[in-house]
Amino acid sequence: MVTGGIVPDDKDWTWVLTRACPDCGFDPATVHPTGVAGRIRRDAAAWVTRLAQPGVRVRPAPGVWSHLEYGCHIRDVHRIFDHRVQLMLTEPDPLFPNWDQDATAIADDYGSQDPGVVAGELCDAATAVADRYDRVSDDGWNRRGLRSNGSEFTVATIAVYHLHDIVHHAWDVSGRDSGFS
């Protein structure tokens, strides 16, 4: 379903765990899971700047989210991954609840949110998940979790998958290398 001119992304992006993304240049082979937290914090700081720019609510083209909408999505991505990692670290082989990112964007009316509030919430969510990654013990990186479609992750692979998500969206809004790949 197309809503607000945006075509939902229903691709399975788990391939980014085994090969470089041809769009954003993210290469999972260059990422160590213990380095993800710092990169999440740096990306959050860049979003504060992006969300303070004029025209943050303007969609650059039909079917493309505004910087504000992307910022809301990144905030929610951090919250979702924080919850999933928490489940993986406290439960045996948890099944992650489904998250329909497009339904969330509509239900939460991303485009009408306050950019300053979103910037603060994004930083808080990024800090929370980065702190969680920083606290993973050596043996915790191998704990598993499952998406409803059967995709299996370890804490290590979900950290890399999470990082690709935010690097890719930084590339989406900048149209060039985000500096995080």
Below 4.0 angstrom, N of the basic side chain to O of the carboxylate: do D124 and R79 qualify?
no
Ignoring hydrogens and angles, state whether a donor on the side chain of D109 or S112 is under 3.5 Å from an acceptor on the partner side chain.
yes
So Y110 and L68, side-chain contact (heavy atoms from CB on, under 4.5 Å) or not? Walk me through it.
CA-CA 7 Å; Y110 280 178; L68 174 58; over 6 Å; no
How long is the gap from CG on L51 to CZ on R57, to the nearest 0.5 Å?
10.5 Å
Quick check: does any side chain N or O of T90 sit under 3.5 Å from a backbone N or O of Q86, one acting as donor and the other as acceptor?
yes
Any donor-acceptor N or O pair under 3.5 Å, side chains E69, S66
yes
Has R143 got a side-chain atom pairing as donor or acceptor with E91's backbone, closer than 3.5 angstrom?
yes
Set out, in order, the CA-CA distance, both residues' side-chain angles and the distance that settles side-chain contact (heavy atoms from CB on, under 4.5 Å) for D172 and W65, then state yes or no.
CA-CA 9 Å; D172 283 333; W65 273 351; over 6 Å; no
Rounding to 0.5 Å, atoms CG (D165) and CZ (F26) come to a distance of 10.0 Å
Once rounded to the nearest 0.5 Å, what's the spacing between atom CZ of R144 and atom CZ of F153?
12.5 Å
Please check if the distance between the ring centroids of H73 and W47 is under 6.0 Å.
no
Smallest separation among heavy atoms of P60 and V64, with atom names
CG-CG1, 3.6 Å
Return yes if some donor-acceptor pair links the side-chain N/O of Q113 with the main-chain N/O of D108 below 3.5 Å, else return no.
yes
Just so I know, are the side chains of H83 and W99 near enough to count as touching, which here means a heavy-atom distance under 4.5 Å?
no
Any heavy-atom pair between the side chains of I158 and F96 that's under 4.5 Å?
yes
Are V173 and H169 packed together at the side-chain level, in the sense that at least one heavy-atom pair is separated by less than 4.5 angstrom?
no
Just wondering, do T157 and P28 contact through their side chains at under 4.5 Å, heavy atoms?
no
Atom CG in D23, atom CH2 in W171: separation rounded to 0.5 Å?
4.0 Å
The reported gap from NE2 in H67 to CZ in R59 (rounded to nearest 0.5 angstrom) is 13.5 Å
Taking it one step at a time, do H162 and I40 satisfy side-chain contact (heavy atoms from CB on, under 4.5 Å)?
CA-CA 9 Å; H162 179 185; I40 287 172; 3.6 Å; yes
From D93 atom CG to E152 atom CD, the distance as rounded to the nearest 0.5 Å
7.5 Å
In sequence, state the C-alpha distance, the side-chain angles, and the governing distance for W141 and T154, and then conclude on side-chain contact (heavy atoms from CB on, under 4.5 Å).
CA-CA 6 Å; W141 291 105; T154 63; over 6 Å; no
State, to 0.1 Å, how close T30 and D27 come at their nearest heavy-atom pair, and which atoms those are.
OG1-O, 2.7 Å
Are any of the side-chain heavy atoms of E121 and D76 separated by less than 4.5 Å?
no
Could you tell me whether the side chain of R132 and the main chain of A37 form a donor-acceptor pair under 3.5 Å?
no
If we ignore angles and hydrogens, is there a donor and acceptor under 3.5 Å between the side chains of D82 and H78?
no
Do Q53 side-chain atoms and R50 backbone N/O form a donor-acceptor pair below 3.5 Å?
no
State yes or no: do V167 and V48 share one hydrophobic cluster built from I, L, V, M, F, W and Y residues joined by side-chain heavy-atom distances below 4.5 Å, directly or via other members?
no
